[in-house]
K.L.:
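Have a look at this one.
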Amino acid sequence: MTFFAFSLLAIVFTSPVSSSPSAPPVTLLKQQCWHEYPFTTSLLQSSPYVSEADIITPLRSSTFANIPTVLISSARNEATSEHAPWSYPPVCTTILPHLSTQLCVYTNTSFSNGRGISIFTTPSIARDFANLPAFQDPAALLAKDVNTNSGVWSAEKIEGKGVGLVAKRNLEFGDRVTAYTPALIAVMEGELSTAEREKYWRIAIDQLPKETGEMYLGLATVFGIKSVVVQDVVKANSFQLDVGGATHLAVYPETSRMNHACSPNAQYNIDPTLLTHFVHATRPIEKGEEITISYTSPLDFTDARQHHLKENFFFTCSCSRCNAKDQTDKVFRQMQIYQNILNGWDKPSKATPEMAENLIDLYRKEGLEGFLDIPYGYAALAYNAVGNTKVAEKYAHAAKAAILMKDGQWTNNLKIWNKLLENPKDHWSYRYRVR
Ligand SMILES: *[C@@H]1O[C@H](CO)[C@@H](O)[C@H](O)[C@H]1NC(C)=O
């Protein structure tokens with residue numbers, strides 16, 4: 001069974017507290033797994049629908065209170081039909097008292113060369129969706145080879161894990177594994193009853209092109225209850241995607257076959273403008289090896305990871321970083337110690353470039369290649385802090401490459417490394433620890 005989890009890394013790169021005039025305060029930027037964008041953000045999360053009885057989430061009316069207007073400036077394409085860009089007249093609920101709006105099913109059957117897409121959301125947010133490059137500029141999806149089989153994976157039965165993705169050839173760091181748009185996107189709400197929600201979501205699936213709809217219904221479920229199968233699939237396979245100021249759940253059928261590992265060999269990010277979920281290899285993967293991502297932040301103590309996986313995904317993790325709890329937690333504690341020292345800008349400091357190198361080694365040994373942007377970043381700062389701009393630049397570039405793979409181009413931390421790379425000698429960290 002395959003599930004996706006919310007993961008949030010609370011790593012903050014700090015800069016010196018400005019006590020001396022020579023050390024200007026620098027904005028603190030957070031290491032985060034979601035993406036900042038004018039009106040869309042995305043992050044990975046398990047579906048909140050916990051049990052069949054409790055399949056309704058608490059209403060999050062605040063997210064609807066102030067839906068931002070569309071920020072994309074280009075005029076919408078001239079409507080080719082009355083409902084463009086939707087293939088059918090929207091199927092809507094009545095105006096819901098708490099939301100003060102309807103929710104409707106919007107389907108575009110020709111989306112991305114006939115793959116199709118169905119969205120259940122408010123009329124206003126549907127306009128936001130329609131104005132995204134994903135709809136306005138179909139060439140953008142083509143240019144990035146979205147929704148084409150990369151040929152590097154096949155979905156296979158994996159002992160004890162149901163289905164998983166297996167590499168069909170050797171993969172290198174950065175190689176693309178998958179890039180797909182969702183079959184279904186549904187706004188998170190708590191106003192409809194389970195039966196009502198199922199009715200609308202079912203229409204959303206039935207309106208999809210046959211192949212896409214069948215692929216959706218063939219996905220893993222949590223409860224195996226036929227009468228709520230569309231919600232059951234969301235429960236087992238969804239990502240969180242924030243559009244128009246509201247949280248939506250998105251199901252990417254091919255990608256959701258990917259299983260969890262605490263030392264994953266692949267990393268994902270979502271481009272909210274293209275609605276596309278990308279997965280890349282973070283270390284060499286051999287032909288025949290399973291391709292995995294992490295459903296929980298691997299940068300957590302074992303109990304916390306286990307708890308998250310159990311609560312949200314109903315399984316007990318048995319990968320090596322879970323089984324060897326004492327050892328894993330000991331290493332993790334050491335990683336934290338290094339990070340705290342490297343992130344401390346009070347003088348005197350025990351932080352050295354060697355310590356940053358040791359931190360990188362620990363990440364590698366733990367199989368956390370997909371998260372190397374963090375120690376690479378500390379290394380860039382640590383080297384610059386002793387005046388070694390050459391190595392600092394090398395690590396800033398490495399941090400950039402890693403963070404683009406992990407968080408996409410909207411992450412705040414990207415700005416830190418771009419800034420350092422502009423001119424390391426002008427950066428606040430330059431020679432900071434040898435002054
Ligand atoms: C569906 O979306 C595509 C963009 O992928 C657009 O070209 C097409 O006109 C849309 N269909 C309808 C019926 O508006």
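Quick caveat: nothing in here was measured; it's all calculated off a predicted structure. Both ligands and their constituent atoms are indexed starting at 1 by order of listing.
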K.L.:
Does the ring center of F239 lie less than 6.0 Å from the ring center of Y252?
P.N.:
yes
K.L.:
Are any of the N/O atoms on S87, whether in the backbone or the side chain, positioned under 3.5 angstrom from an N/O atom of ligand 1?
P.N.:
no
K.L.:
List the residues meeting salt bridge (charged side-chain N to carboxylate O under 4.0 Å, His left out) with D329, not counting sequence neighbours, and say none if there are none.
P.N.:
none
K.L.:
Does the plane of the ring in F111 sit parallel, tilted or perpendicular to the ring in F135? Use 30° and 60° as the thresholds.
P.N.:
tilted
K.L.:
Return the set of residues passing side chain to side chain contact (heavy atoms under 4.5 Å, CB included) with T316 (not counting sequence neighbours), or none when no residue passes.
P.N.:
Q306, K310
K.L.:
Need the ligand 1 atom indices (1-based, order shown) with element for anything under 4.0 Å from a heavy-atom of S110.
P.N.:
1 (C), 8 (C), 10 (C), 11 (N)
K.L.:
With atoms numbered from 1 as shown, which atoms in ligand 1 lie under 4.0 angstrom from a non-hydrogen atom of F111?
P.N.:
5 (O)
K.L.:
Does a side chain donor of either R305 or T302 reach within less than 3.5 Å of an acceptor in the other side chain?
P.N.:
yes
K.L.:
With atoms numbered from 1 as shown, which atoms in ligand 1 lie under 4.0 angstrom from a non-hydrogen atom of A84?
P.N.:
14 (O)
K.L.:
Distance under 4.0 Å to a non-hydrogen atom of W86: what atoms of ligand 1 satisfy this?
P.N.:
13 (C), 14 (O)
